[in-house]
Peer 1: 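My questions will all concern the structure given below.
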There are 2 protein chains.
Amino acid sequence: MGMLPDKAVPDIVIGRLPIYLRALAHLEAEGQRIIASKDLAKRLGMSSAQIRKDLSHFGEFGKQGMGYDVTYLRDQLRTVLNIDRRWDVALVGAGDLGHAIAYYGGFEGRGFHISCVFDNNPQKIGRRLGRFEILDAIELPAKLRELDIRIAIVAVPANAAQAVVDDLVTGGVKAILNYAPITVTVPAGVHVQYIDPVVHLQRMSYYLE
Amino acid sequence: MGMLPDKAVPDIVIGRLPIYLRALAHLEAEGQRIIASKDLAKRLGMSSAQIRKDLSHFGEFGKQGMGYDVTYLRDQLRTVLNIDRRWDVALVGAGDLGHAIAYYGGFEGRGFHISCVFDNNPQKIGRRLGRFEILDAIELPAKLRELDIRIAIVAVPANAAQAVVDDLVTGGVKAILNYAPITVTVPAGVHVQYIDPVVHLQRMSYYLE
DNA sequence: GAGACTATGTGAGACCTTTCACAAGGCCGC
DNA sequence: GCGGCCTTGTGAAAGGTCTCACATAGTCTC
């Protein structure tokens with residue numbers, strides 16, 4: 001009945017697009033107008049064929065003999081990644097880590113905007129964290145629905161993370177960036193990405209000595 | 001002449017070991033003595049066969065009919081990952097991000113210990129950041145060799161990151177955790193892992209709407 | 001405007017990773 | 001100690017990803 005969907009693009013390809021996008025932003029800042037897959041590949045430490053094949057999932061963005069127009073390709077990738085708009089993001093956890101995230105200036109200009117901060121500590125609720133008033137985590141699901149928020153960042157201790165994630169899912173969140181050092185469970189259709197610096201360090205220490 | 005090396009274990013397998021280790025630490029804290037691959041897999045949202053095959057690269061750690069002894073497997077994974085010891089880590093960058101990292105309590109107890117902090121800002125050099133005196137980044141390579149440091153964390157702005165990484169490599173560092181939002185180039189044999197929260201968010205925003 | 005050069009987009013094949021499915025081995029109750 | 005039950009460790013097969021290499025199409029020089 002409906003048209004057949006394109007075969008889904010592999011997630012591993014999606015994962016590389018933000019890397020390409022980041023490199024293109026730097027190239028543009030450097031004033032470079034055109035970039036060949038070979039040169040981009042060199043910069044990123046990968047093969048040019050991989051870049052070309054990745055991009056080919058979404059269209060033909062290059063010019064044979066020339067390469068890619070930096071600005072055009074950047075705009076195309078933004079569209080593909082759904083960041084040709086600004087996403088509001090909820091931050092849960094107003095401790096040291098939440099503090100650092102709330103003050104981090106790198107979200108604006110790359111598609112994201114922290115719009116509210118939650119904590120469950122009565123000492124903190126109602127206080128300010130930078131430009132935010134800290135909201136009561138008990139209101140999490142209701143507030144998320146009210147603000148129509150789809151993305152959240154979790155910066156709470158490991159033992160609170162699963163409960164927070166459950167509340168986020170109840171509130172309609174579909175994408176979670178989890179700084180808590182624990183693997184959480186979510187229903188199908190909800191995406192989770194993890195940031196645990198120790199996991200990265202441990203992965204590299206395997207190769208040491 | 002020398003004995004043939006075992007076929008190298010795929011890096012993707014190495015990347016999962018810290019996840020297993022983290023889950024085992026939680027299981028142990030919960031008082032669980034034994035865990036079956038099936039139950040661990042459920043907790044981590046993966047297949048039990050993958051866990052068993054991953055572990056089989058390093059030995060036979062389980063008991064048929066029973067599962068794995070939590071403490072024993074945890075110790076074995078620590079040994080495999082070379083974290084049955086403590087690694088000293090250098091932190092470069094004493095800004096907001098460096099501050100948050102220096103104060104993060106999660107390194108101790110998981111194999112790592114921040115042992116020195118560098119910055120290139122004359123206003124900061126000589127001041128204190130928590131328990132650290134901030135050292136002059138100009139002395140990076142010499143100091144790293146003196147202290148025999150193999151692992152570093154980069155928390156400087158993107159435009160300074162490549163120069164810092166080059167200094168780290170000169171100083172003998174073999175593993176770099178890079179918080180700067182830029183892909184850096186390193187010689188073969190040096191490992192880099194990236195933490196850029198925006199990259200993670202962008203990857204998930206593809207699936208939204 | 002013709003020829004030399006360059007870089008894309010892409011099938012085909014090589015290579016890598018995951019899953020399947022089962023033999024082998026260990027526990028438990030009676 | 002025997003039968004039933006359970007889970008590991010692992011070849012083989014299936015599935016996924018990357019690289020190769022080239023036809024195609026565009027640029028640039030003269």
Side-chain angles (χ1 to χ4, degrees), chain A residues 5-20 23-24 27 32-77 80 183 188 203 206, chain B residues 5-20 23-24 27 32-77 80 183 188 203 206:
Chain A
D6 292 348
K7 184 112 128 301
V9 178
D11 182 62
I12 196 162
V13 172
I14 304 303
R16 283 189 292 260
L17 300 185
I19 307 297
Y20 301 157
L24 290 167
L27 285 168
Q32 183 127 20
R33 314 296 288 267
I34 298 283
I35 183 94
S37 63
K38 198 173 64 153
D39 298 327
L40 184 56
K42 190 166 187 190
R43 232 178 135 108
L44 297 178
M46 58 195 308
S47 85
S48 63
Q50 179 155 81
I51 292 176
R52 294 198 302 277
K53 188 139 256 187
D54 284 352
L55 297 178
S56 74
H57 284 100
F58 305 99
E60 307 195 353
F61 303 125
K63 290 206 191 85
Q64 282 171 331
M66 287 292 286
Y68 300 87
D69 181 288
V70 171
T71 303
Y72 176 72
L73 183 55
R74 183 204 61 182
D75 289 344
Q76 292 297 307
L77 287 182
V80 166
T183 304
R203 178 178 191 158
Y206 172 80
Chain B
D6 291 349
K7 185 111 126 302
V9 178
D11 181 63
I12 197 162
V13 172
I14 304 303
R16 283 190 292 260
L17 299 184
I19 307 298
Y20 301 157
L24 289 167
L27 284 167
Q32 183 126 21
R33 314 296 288 266
I34 298 283
I35 183 92
S37 62
K38 198 173 64 154
D39 298 326
L40 184 55
K42 189 167 188 190
R43 232 177 135 109
L44 297 179
M46 59 196 307
S47 85
S48 62
Q50 179 155 80
I51 292 176
R52 294 199 302 277
K53 188 140 257 189
D54 284 353
L55 297 179
S56 75
H57 285 99
F58 305 99
E60 308 196 352
F61 303 126
K63 292 208 192 81
Q64 282 170 330
M66 289 292 286
Y68 301 86
D69 181 288
V70 171
T71 303
Y72 175 71
L73 183 55
R74 184 204 61 183
D75 290 344
Q76 292 298 307
L77 287 181
V80 166
T183 304
R203 178 178 192 157
Y206 172 81

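Every value quoted in this text rests on a predicted model; they were computed, and no experiment measured them. In what follows, chains are A, B, ... by sequence order, proteins preceding strands, each numbered from 1.
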Peer 1: Roughly how far apart are A/Ile19 CD1 and A/Arg43 CZ, rounded to 0.5 Å?
Peer 2: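 Those atoms lie 13.0 Å apart.
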Peer 1: So A/Leu55, base contact, sugar-phosphate only, or nothing? Heavy-atom distance under 4.0 Å.
Peer 2: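 Nothing, no heavy atom under 4.0 Å.
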Peer 1: Between CG of A/Leu27 and CG of A/Asp39, what distance do you get to the nearest 0.5 Å?
Peer 2: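 Spacing of CG (A/Leu27) from CG (A/Asp39) equals 9.0 Å.
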Peer 1: Nearest whole angstrom, please: distance from the P of D/dC6 to the CE of B/Met66.
Peer 2: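 Between P of D/dC6 and CE of B/Met66: 14 Å.
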Peer 1: Considering just the side-chain nitrogens and oxygens of B/Ser37, establish if one lies under 4.0 Å of OP1 or OP2 belonging to D/dT7.
Peer 2: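 For B/Ser37, the contact criterion (side-chain N or O under 4.0 Å from OP1 or OP2 of D/dT7) is not met.
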Peer 1: Give the nucleotide from the list C/dG9, C/dT17, D/dT8 with an atom nearest to the side chain of B/Pro10.
Peer 2: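 Comparing C/dG9, C/dT17, D/dT8 against the side chain of B/Pro10, the answer is C/dT17.
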Peer 1: Let me confirm one number: the CE-OG distance from B/Met46 to B/Ser37, rounded to the nearest 0.5 Å.
Peer 2: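 OG of B/Ser37 is found 10.5 Å from CE of B/Met46.
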Peer 1: Starting at CD of A/Glu60 and ending at C1' of D/dT24, how long is that distance when rounded to a whole Å?
Peer 2: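 The distance from CD of A/Glu60 to C1' of D/dT24 comes to 11 Å, rounded to the nearest Å.
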Peer 1: What is the distance, rounded to the nearest whole Å, between atom CG of B/Asp39 and atom C1' of D/dT8?
Peer 2: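 These atoms are roughly 14 Å apart.
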Peer 1: When you compare the side chain of B/Leu55 with that of B/Leu77, does any pair of heavy atoms fall below 4.5 Å?
Peer 2: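 Of all side-chain heavy-atom pairs linking B/Leu55 with B/Leu77, at least one is under 4.5 Å.
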Peer 1: Step by step, work out the side-chain contact (heavy atoms from CB on, under 4.5 Å) result for B/Tyr20 and B/Leu73.
Peer 2: CA-CA 9 Å; B/Tyr20 301 157; B/Leu73 183 55; over 6 Å; no
Peer 1: Output the rounded distance in Å from CG (B/Asp54) to P (D/dT8).
Peer 2: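 Taking CG of B/Asp54 and P of D/dT8, I get 14 Å after rounding.
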Peer 1: Just how far, in rounded Å, is C1' of D/dT7 from CG of B/Leu40?
Peer 2: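 My rounded result for the distance is 14 Å.
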Peer 1: Roughly, in whole Å, what's the span from NZ in B/Lys38 to P in D/dG9?
Peer 2: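 Computing the B/Lys38:NZ to D/dG9:P distance gives 16 Å.
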Peer 1: Which residues in residues 43-53 of chain A have at least one heavy atom lying under 4.0 Å from any atom of DNA chain C?
Peer 2: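 Those residues are A/Arg52, A/Lys53.
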Peer 1: Give the rounded distance in Å between these two atoms: NE2 of B/His57 and P of D/dT8.
Peer 2: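 One finds 17 Å between P of D/dT8 and NE2 of B/His57, rounded.
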Peer 1: For C/dG9 and A/Tyr68 - does any side-chain N or O of the residue sit under 4.0 Å from the phosphate oxygens OP1/OP2?
Peer 2: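 Looking at the OP1 and OP2 atoms of C/dG9, one of them is under 4.0 Å from a side-chain N or O of A/Tyr68.
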Peer 1: Between A/Arg203 and B/Asp11, is any pair of side-chain heavy atoms under 4.5 Å apart?
Peer 2: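 Counting from C-beta outward, A/Arg203 and B/Asp11 do come under 4.5 Å.
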Peer 1: Do A/Tyr68 and A/Arg52 have side chains that get closer than 4.5 Å, going by heavy atoms?
Peer 2: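 Sidechains of A/Arg52 and A/Tyr68: in contact.
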Peer 1: Do A/Gln64 and C/dT8 have a side chain to base donor-acceptor pair shorter than 3.5 Å?
Peer 2: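 Under the 3.5 Å cut-off, the side chain and the base do form a donor-acceptor pair.
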Peer 1: How long is the line joining CZ of B/Phe58 and C1' of D/dT8, in whole Å?
Peer 2: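 Distance, rounded to whole Å: 17 Å.
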